[in-house]
Amino acid sequence: MRNSRGSIMRPDPLPLSASHPVVTPLSPSVVYASETPDALDDQYEGRVQGYTYSREGHPNADVVAKRLDAMEGMPGGVVTSSGMAAVSAVVLGLLSAGDHIIGANQLYGRSLRLMKDDLPRLGITTTLADPGDVQAVKRDIRPETKMILVEVVSNPTLCLADIKGLSLLCREKGILLVVDNTFTTPRGFKPFDHGADIVIHSITKLLAGHSDVMLGYAVARDPAINDQMRVFAITTGMTPSPFDCWLAERGMLSFELRFDRAQETAALLADHLAGLPGIKRVLYPLRDDHPDHALAADLLGVSGCNMVSFELEGGRAAANIFTREAEGLNFAPTLGDVGTTLSHPASSSHRALTTAERAALGLGEGFFRVSVGLEAPELLLSVFTNAVAAATS
Ligand SMILES: *Cc1c(COP(=O)(O)O)cnc(C)c1O
């Protein structure tokens, strides 16, 4: 009908089919046309479900949100254009000038930067504390403290936050406990079962899993908080691209298999590295020589996750040889990819710190964090054996 009037502006609807596609269609349309103003009223008043403008929501984002809602066991989550957009939707969407937030002292680098540089500029005061030490966190609480932001397992020393203790503290004081569950994933840890109020993900990492998508997600226990975050995300344009959501959904279909495989290999790699000459120390939460082993076993059970850190003897010179000799492994600042990636905090995530500050965290020039991928375990272990030998002999 429409095209018979010669209009090329309005495409015909998709051809009808009694059968349905097995893959979610990609919906890149920015706008959605309604039949009449009355029909639009019905939509805005919530009497019927429909989309209007994709900054406010689109089918591919909703598909990803529903999947993550199911994984975290909480409805109403918001998908954002990156993990940092999700962190910002939580912190900037919920806090106001005069409020105070306590952040974990080893948060993801950009989250730390938000805490140190941006929030104070907006009149939100911040304090960093050790999330494994509930008494220390308690001492930093003020009357205006509204939120505590932690990651379950820290980067890159893989220290554990005392989530149970923090959630009791937050309940007692009426403070929101926000857990960035990116490293641990809903497969390894369920923050809402341990008293979290809000959960954040960088979908970019393990959930999407292929280093070809940037997306984030945040969900709160309280539906009113979800609404507040959603409105802020829409107003500030944190909208995800339909194509990224479409790719993320595809990645998430294999997430559990990938995660299980990667963490099994990570446990093998940790034990293997610990037995190699030239390795000063290995950090893996489930090994009994990890400083937070008891807390890790309590919170994570058998799920040690896919991150392993270790320190090579020989400092920067050995580190340079190691990345060059680690055949087939990318030296790249990300994690959760299908392939194993190596991160060297002294030259990347922690380069802004002084040598003394890095030393206080145990991050010498020989320190590496490994995000274990899906390579055949025997092959991966032999790559490490050879690269460590080349670097430290
Ligand atoms: C990567 C990451 C983020 C930020 O996510 P992006 O998608 O890169 O913006 C936040 N928190 C943690 C723990 C991360 O690893």
Side-chain angles (χ1 to χ4, degrees), residues 61 64-65 68 72 77-93 101 103-116 118-119 128 131 147-161 163 177-189 191 196 198-219 229 233 236-241 243-245 247-248 251-252 255 259 262 266 285 300 305-309 330 332-337 341-345 348-350 369-373:
V64 171
L68 260 162
E72 288 294 3
V78 186
V79 175
T80 56
S81 52
S82 69
M84 279 317 298
V87 173
S88 302
V90 171
V91 173
L92 299 172
I101 173 174
N105 54 4
Q106 286 198 45
L107 286 174
Y108 180 70
R110 284 282 158 184
S111 299
L112 270 184
R113 196 156 159 160
L114 188 67
M115 301 277 303
K116 286 182 181 163
D118 298 287
L119 298 184
L128 300 178
M147 188 181 279
I148 296 180
L149 170 62
V150 299
E151 291 162 19
V152 188
V153 174
S154 77
N155 177 34
T157 54
L158 313 181
C159 296
L160 272 284
I163 302 285
L177 177 60
V178 182
V179 176
D180 181 334
N181 202 25
T182 299
F183 268 43
T184 22
T185 82
R187 183 93 170 148
F189 186 73
I198 299 176
V199 172
I200 294 174
H201 280 287
S202 168
I203 299 176
T204 311
K205 310 293 171 53
L206 287 139
L207 289 165
H210 295 71
S211 296
D212 53 10
V213 168
M214 290 222 104
L215 279 184
Y217 167 86
V219 65
M229 295 192 299
T236 53
M238 297 177 172
T239 313
S241 133
F243 183 56
D244 282 352
C245 294
L247 277 176
M252 286 166 75
F255 158 69
F259 186 69
L300 305 177
C305 301
N306 77 316
M307 308 294 285
V308 179
S309 293
N330 283 316
T334 190
L335 65 106
D337 186 63
T341 51
L342 305 171
S343 154
H344 181 250
S348 58
S349 55
H350 292 66
R369 183 207 72 191
V370 186
S371 167
V372 175

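Positions are given from 1 along the sequence. It should be emphasised that the depicted structure is a prediction, and the values quoted were computed from it without experimental measurement. Counting starts at 1 for both ligands and their atoms, in listed order.
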Between [X] and [Y] (side chain of the first, backbone of the second, donor and acceptor by atom type, cut-off under 3.5 Å), is there such a pair?
{"X": "Ser348", "Y": "Pro333", "value": "no"}
{"X": "Ser309", "Y": "Pro156", "value": "yes"}
{"X": "Asn330", "Y": "Ala332", "value": "no"}

In terms of residue, atom name and distance, what is the protein heavy atom nearest to [atom]?
{"atom": "atom 4 (C) of ligand 1", "result": "Tyr108 CE2, 3.4 Å"}
{"atom": "atom 5 (O) of ligand 1", "result": "Ser202 OG, 3.0 Å"}
{"atom": "atom 7 (O) of ligand 1", "result": "Thr204 OG1, 2.6 Å"}
{"atom": "atom 8 (O) of ligand 1", "result": "Met214 CE, 3.5 Å"}
{"atom": "atom 6 (P) of ligand 1", "result": "Gly83 N, 3.3 Å"}

Which of the ligand 1 atoms, numbered from 1, are nearer than 4.0 Å to a heavy atom of Ser82: 7 (O), 9 (O)
Taking only heavy atoms of Glu151, which atoms of ligand 1 are found under 4.0 Å from at least one of them? 13 (C)
Say whether [X], considering both its backbone and side-chain N or O atoms, lies within less than 3.5 Å of an N or O atom on ligand 1.
{"X": "Lys205", "answer": "yes"}
{"X": "Met84", "answer": "yes"}
{"X": "Asp180", "answer": "yes"}

Distance from [X] atom [atom1] to [Y] atom [atom2], nearest 0.5 Å?
{"X": "Glu151", "Y": "Leu158", "atom1": "CD", "atom2": "CG", "result": "11.5 Å"}
{"X": "Leu92", "Y": "Met238", "atom1": "CG", "atom2": "CE", "result": "6.5 Å"}
{"X": "His350", "Y": "Thr157", "atom1": "NE2", "atom2": "OG1", "result": "7.5 Å"}
{"X": "Leu177", "Y": "Leu149", "atom1": "CG", "atom2": "CG", "result": "9.0 Å"}

Would you kindly specify which portion of Arg110 sits under 4.0 Å from ligand 1, judged on non-hydrogen atoms: side chain, backbone, both or neither? neither
Side chains of Ser371 and Asn306, donor plus acceptor under 3.5 Å: yes
